[in-house]
S.K.: 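Please see the structure below; I have some questions.
So you know, we letter chains A, B, ... as the sequences are listed, proteins then strands, and number each from 1. Side chains are part of it too, since the values below use all heavy atoms of this structure and drop only hydrogens, waters and symmetry mates.
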There are 2 protein chains.
Amino acid sequence: MNIGELAKRTGLSSSRIRFYERAGLLTTVDRGPNGYRTYPPQAVLVLTLITTAQNAGFSLEEIRRLLPSDLERWQHDGLLEALRRKVADIEALEARLAENKAQLVSLIADIEAKPDDIDCATNARRVLSRVVGQETESHLEGAGDIKPTGKASRRWQTKAG
Amino acid sequence: MNIGELAKRTGLSSSRIRFYERAGLLTTVDRGPNGYRTYPPQAVLVLTLITTAQNAGFSLEEIRRLLPSDLERWQHDGLLEALRRKVADIEALEARLAENKAQLVSLIADIEAKPDDIDCATNARRVLSRVVGQETESHLEGAGDIKPTGKASRRWQTKAG
DNA sequence: CATAACCTTTGAGTTAAGTTTAAGGTCAAG
DNA sequence: CTTGACCTTAAACTTAACTCAAAGGTTATG
């Protein structure tokens, strides 16, 4: 199959497929006598696997290290470990999110519990000072950012739509 | 407070703080007669909110759109609405995370459930075909990636450590 | 045989979220 | 009055994961 066909079947752009090849992620590629790339049907699997892993939060570099040249003989020990690490990452973030959410929720409760005899501005100050106190205790100052597994984890964002 | 002090208190680099100002995220800044930036104590809170939101998966652009309406109205009474929006955002993110995690967990289970009597290569094929089946349904072909909150979500990766 | 639709390579551009560098002004201490 | 720590700006650099453009070769179709 040519690159256009593969692109169609995977939903990826041809340039992206070439890029993956250049990056050492897609090795199951041959050349026809005309110089055209020719792919076995298996390439669809490989590309699917790559995008799946990406969706799960793996960088291409991580994927490159996990993907065996021979799909049939991948080392699933390393793979399993990596998958579990990723799950742990997600769990850490979940805990963190839950914490943030609980904070917000209790903030809301705090605001709603505003004594009737103080004005809005004073209440705002009361609430804000509470937030600052919380934040500096739990999140700031280098101590525990997320990074449960590896180096820095700071990529997973909606594109600010 | 000067920028160095603010940096120390938030754990961020000065360059990053200046960058956030340039990006329109940090507006609570004044200039001394020497040209130095001068921050009110509140700036610590703003930066804390920014990094917290980042950790929760928001892009700076999203944060920029949320912040001014948030913090400047925090003095007035749109506060509750803003907080509730934030909680809703967090819940959306939690859903996103849960989805990703579920995918990983089921993949792990699938790999581990390898019957004792088949070899590694066969297991690989079995798992792979499952992944492909899943993916073409749920992720591939432009259709519906995760995006609970915004547009495209494809950033959340460890740095391939 | 023309022409559109493929394919090739190389190299440059893009975006996000910063960091680094260069060249300089300011301030507190000794 | 010099030294070092701090601050300023503008501009360039960084990384990941691509995309785009240019300039050209190939192939299928009318």
S.K.: E61(A) has an atom CD; how far is it from atom C1' of dA17(D), in whole Å?
M.R.: 13 Å
S.K.: Any base atoms under 4.0 Å from R37(A), or only sugar-phosphate, or nothing? Heavy atoms, all strands.
M.R.: sugar-phosphate
S.K.: Return the value, rounded to whole Å, for the distance between atom OH of Y39(B) and atom C1' of dT8(D).
M.R.: 11 Å
S.K.: Rounded off to whole Å, could you give me the CD-to-P distance for the E5(B) and dC27(C) pair?
M.R.: 17 Å
S.K.: On the nucleotide dT26(C), are OP1 or OP2 found under 4.0 Å from the side-chain N or O atoms that R31(B) carries?
M.R.: no
S.K.: What is the distance, rounded to the nearest whole Å, between atom CG of L26(B) and atom C1' of dG18(C)?
M.R.: 15 Å
S.K.: Expressed in angstrom and rounded to an integer, what is the separation of R18(A) atom CZ from dT10(C) atom C1'?
M.R.: 12 Å
S.K.: Classify every nucleotide of nucleotides 19-29 of chain D by which part a protein heavy atom approaches to under 4.0 Å, writing B for the base, S for the sugar-phosphate alone and - for neither, in 5'-to-3' order.
M.R.: S-----BBS--
S.K.: Please state how far atom CD1 in I50(B) lies from atom P in dA16(C), giving the value in whole angstrom units.
M.R.: 16 Å
S.K.: Looking at side-chain heavy atoms only, is the closest gap between Y20(A) and L60(A) below 4.5 Å?
M.R.: yes
S.K.: Tell me: CD of E21(B) to P of dT19(C), nearest whole Å?
M.R.: 15 Å
S.K.: Just jot down the side-chain contact (heavy atoms from CB on, under 4.5 Å) partners of P41(B), sequence neighbours excluded, or say none.
M.R.: none
S.K.: Between the side chains of E61(A) and R64(A), is the shortest nitrogen-to-carboxylate-oxygen separation below 4.0 Å, so that they form an ion pair?
M.R.: yes
S.K.: Hey, could you give me the CD1/OG1 distance between I50(A) and T48(A), rounded to the nearest 0.5 Å?
M.R.: 9.0 Å
S.K.: Answer yes or no: is there a side-chain heavy-atom contact under 4.5 Å between T10(A) and R16(A)?
M.R.: no
S.K.: Give the rounded distance in Å between these two atoms: CD of E62(A) and P of dA17(D).
M.R.: 9 Å
